[in-house]
Amino acid sequence: MSIDSKSRQGWFSRIAHPGQFAAWTQPLLWPLVGITTVLFGVGLYFAFFNSPQDYQMGETVRIMYVHVPNAWLSQFVYVIMAVSALGTLVWRHPLADVSMKAAAPLGAVFTALALYTGALWGRPTWGTFWEWDGRMTSTLVLLLIYLGIIALWRAFDDQLRAARVIAVFTLVGAVNIPIIKFSVDWWSTLHQPASVFRAGGPTMPPSILIPLFLMFFAFTFLFLVLHLKAMHTEIRRRRAMGLERRAAGALA
Amino acid sequence: MMDLGPHAIFIIWAYVGVVVAVFALICAVRIDARRVARRLAALEAQGLRRRSDAP
């Protein structure tokens, strides 16, 4: 190993140490809150006052500006959890455990919102709130996986042991992500195929794409803020649990 | 007031639901953070320190 790679490893280990991570990311929180607020303000303005109605869906296209970002986050948060699960199993990094645990409730809420807004968009568009088709059913399965992971975290007293078990469960559950993504291609569904992130480029005009991307970034920054804050809390919770164990050990 | 058409109720409920859920999520994260901070402060007030904090 060269001197250079040793120093790089040292730098990475330093910033990824849970205590150090909390210290250097703490000053980022309020600027991120500011960016999120501005993005939501501008995004909502464009969504309601500076975008046309759709020629087929009419005004209900405005539901898309909250549905698509939540649907995107429902999968993105799970990918973050799956990458963290790899960090837990392969490198046994405590920050990976923290990231995995902090992300689960956020992913569950974004998934529930994707289903909720999808149902409200589906009723006027398709004539039904719900259909057991590939996209909707696989998204409901994703919500159940999130809830299962949250329940597992609460079931274990030993959080280190919990992290190993949940990391395996998370990686097994990750098989659902490509199923959600390709469900509209594999099966005949009510849900439309991809119209934003597709090989041939988006099928929408800029007047609809601009508010969609603004809301997409607003929700993504909201997740970043909440994930960071929840990670800081989890790092403190583990520190408190460590101190409680020390106190109990001193008494025994 | 802008006209949201015949399906206004679906649009309004979609946004109301998102606002309520996001607000509840932000509150839950902040309340949890405050509770844990108080718990940690109480432990440190008892003089408990991690080994790595020792001088």
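Model, not experiment: these values are computed from the prediction. Numbers restart at 1 for each chain; the letters A, B, ... are given by sequence-line order, proteins then strands.
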Show me the donor-acceptor pairs within less than 3.5 Å that the side chains of residues 5-27 of chain B make with the rest of the protein, sequence neighbours left out.
residue : atom : partner : partner atom : Å
B/Y15   : OH   : A/R62   : O            : 2.5

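In this structure, chain B has a heavy atom under 4.5 Å from the side chain of A/L113, while its backbone stays farther away. In this structure, the portion of A/F129 lying under 4.5 Å from any heavy atom of chain B is its side chain and not its backbone. At a 4.5 Å heavy-atom cutoff, the contact between A/A47 and chain B is made by side-chain atoms alone. Heavy atoms closer than 4.5 Å to chain B are found in the side chain of A/F219, but not in its backbone.
Note on A/G58, A/A240, A/G242, A/P124: by heavy-atom pairs under 4.5 Å with chain B, the leading option is A/P124. Most heavy-atom pairs under 4.5 Å with chain B, from the set A/E234, A/R123, A/H232: that is A/R123.
A side-chain donor-acceptor contact under 3.5 Å links A/T60 to the backbone of A/M57. The backbone N or O of A/F156 sits nowhere less than 3.5 Å from a side-chain atom of A/R161 that would complete a donor-acceptor pair. A donor-acceptor pair under 3.5 Å is absent between the side-chain atoms of A/S207 and the main chain of A/S51, judged by distance alone. At distances below 3.5 Å, at least one donor-acceptor pair connects side-chain atoms of A/H227 with backbone N or O atoms of A/S99.
For B/R35, the salt bridge (charged side-chain N to carboxylate O under 4.0 Å, His left out) partners are B/D32, not counting sequence neighbours. Contacts of A/E244 classified as salt bridge (charged side-chain N to carboxylate O under 4.0 Å, His left out), with partners at least two apart in sequence or in another chain: B/R39.
Contact annotation for residues 23-38 of chain A against chain B (heavy-atom separation below 4.5 Å): no residues qualify.
Under the 6.0 Å cut-off for aromatic ring centres, A/Y65 and A/F48 do not qualify, their centroids lying 6.0 Å or more apart.
Taking CH2 of A/W153 as the reference point, atom CD1 of A/I149 lies at 9.5 Å (rounded to 0.5 Å).
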